[in-house]
Amino acid sequence: SAVISQKPSRDICQRGTSLTIQCQVDSQVTMMFWYRQQPGQSLTLIATANQGSEATYESGFVIDKFPISRPNLTFSTLTVSNMSPEDSSIYLCSVEDKGLKAFFGQGTRLTVV
Amino acid sequence: DAKTTQPPSMDCAEGRAANLPCNHSTISGNEYVYWYRQIHSQGPQYIIHGLKNNETNEMASLIITEDRKSSTLILPHATLRDTAVYYCIVRVPLNTGNQFYFGTGTSLTVIP
């Protein structure tokens with residue numbers, strides 16, 4: 001199983017600023033995924049990040065708002081840009097292992113004030 | 001668009017079997033059904049997955065109907081620690097990789 005570490009675990013940010021969330025995996029993986037979980041809601045896929053290529057974004061999410069980096073096979077970052085209170089959510093990083101299971105980080109709880 | 005539908009909440013007595021239903025009527029032949037659970041403030045935890053056949057592991061059993069349009073997750077002897085939100089998920093194979101589409105989840109409360 002993959003072990004995923006996310007940083008920060010939580011943050012309170014001012015509107016108009018940006019926050020970069022880091023995701024570190026203990027093994028090399030091809031695909032990394034970023035999800036958003038709004039308060040009381042299910043998880044929604046933001047984008048899929050491949051190493052060495054542009055991230056693929058789901059409908060309703062754009063690169064200017066959620067730029068993603070994937071510099072190597074064990075690391076990715078998600079930036080939440082120009083934040084507003086509506087961006088207050090839990091952001092989760094996920095990977096899929098060779099056993100076809102998805103593993104999730106503990107999430108980053110973001111509050112925008 | 002949601003690929004799965006689940007009841008929003010269920011209760012189960014401690015020690016009894018918890019049966020959580022899920023409808024996935026538009027599932028395609030190569031799409032797997034997965035179940036995860038999320039305990040408050042934690043990341044989702046894998047429970048079980050299957051394609052066509054029923055599956056069992058140390059945590060649960062997964063019963064998939066023959067037409068694959070619905071499934072049931074069974075926790076054989078529910079404990080208080082099984083109180084969580086349970087997500088039924090369809091895994092869709094795409095050119096960019098397998099993607100997991102979460103349903104709305106069922107909030108299971110195990111009652112002493």
Side-chain angles (χ1 to χ4, degrees), chain A residues 1-6 9-10 21 23 25 29-61 68 70 73 76 89-110, chain B residues 1-9 20 22-24 30-53 55 57-60 62 73 84-109:
Chain A
S1 64
V3 177
I4 301 172
S5 301
Q6 273 188 245
S9 59
R10 59 178 61 229
I21 302 168
C23 178
V25 189
V29 294
T30 303
M31 312 294 296
M32 295 180 78
F33 305 88
W34 287 97
Y35 289 81
R36 180 177 72 182
Q37 187 172 27
Q38 294 176 302
Q41 303 295 313
S42 181
L43 280 73
T44 301
L45 181 65
I46 297 172
T48 303
N50 262 331
Q51 191 264 337
S53 64
E54 291 280 329
T56 301
Y57 289 82
E58 294 295 299
S59 176
F61 297 97
I68 289 171
R70 183 77 201 277
L73 292 174
S76 178
S89 296
I90 299 174
Y91 292 87
L92 297 113
C93 172
S94 172
V95 303
E96 182 181 352
D97 74 351
K98 296 177 182 177
L100 306 183
K101 299 175 187 175
F103 293 92
F104 291 82
Q106 292 302 298
T108 296
R109 185 179 295 273
L110 171 62
Chain B
D1 56 344
K3 294 184 179 291
T4 65
T5 55
Q6 301 175 250
S9 63
L20 291 87
C22 178
N23 288 323
H24 31 79
N30 60 349
E31 295 174 351
Y32 282 73
V33 177
Y34 282 67
W35 283 83
Y36 279 71
R37 72 181 183 185
Q38 188 175 29
I39 298 171
H40 184 62
S41 298
Q42 298 183 17
Q45 174 192 23
Y46 169 84
I47 300 174
I48 199 167
H49 74 280
L51 182 62
K52 297 179 182 178
N53 300 321
E55 302 289 343
N57 62 21
E58 66 278 4
M59 291 183 67
L62 173 61
L73 177 74
V85 178
Y86 287 77
Y87 291 103
C88 174
I89 298 157
V90 169
R91 192 197 77 178
V92 178
L94 300 174
N95 290 336
T96 52
N98 296 314
Q99 294 187 353
F100 291 74
Y101 289 95
F102 280 69
T104 53
T106 296
S107 178
L108 174 69
T109 301

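Just so we're on the same page: letters track the sequence lines, and every chain starts at 1. Being a predicted model, the structure only gives us computed values, none of them experimental.
Applying the salt bridge (charged side-chain N to carboxylate O under 4.0 Å, His left out) criterion to A/Arg109, with sequence neighbours excluded, gives no partner residue. Applying the ring-ring contact (aromatic ring centres under 6.0 Å, His included) test to B/Tyr46 and every residue at least two apart in sequence or in another chain returns B/Tyr36, B/His49.
Between the CG atom of A/Leu43 and the OH atom of B/Tyr101 there is a distance of 13.5 Å, given to the nearest 0.5 Å. Remark: B/Phe100 CZ to A/Lys101 NZ distance equals 11.0 Å, nearest 0.5 Å. Here the CG-CD distance, from A/Leu45 to B/Gln99, works out to 5.0 Å after rounding to the nearest 0.5 Å. Rounding to the nearest 0.5 Å places CD of A/Gln37 at 4.0 Å from CD of B/Gln38.
Interface remark: A/Gln41 contributes backbone atoms only to the contact with chain B (heavy atom separation under 4.5 Å). Using a 4.5 Å cut-off between heavy atoms, A/Gln106 touches chain B through backbone and side chain atoms alike. In this structure, no portion of B/Gln45 lies under 4.5 Å from any heavy atom of chain A.
By the neighbour-count criterion of 12 heavy atoms within 6.0 Å, atom CD of B/Gln42 is densely surrounded, having more than that number from other residues, nucleotides or ligands.
The heavy-atom pair separating B/Phe102 from A/Ser42 by the smallest distance is CB-OG, 3.4 Å.
In terms of heavy-atom pairs under 4.5 Å with chain B, the best-connected choice from A/Gly105, A/Gly107, A/Ala102 is A/Ala102.
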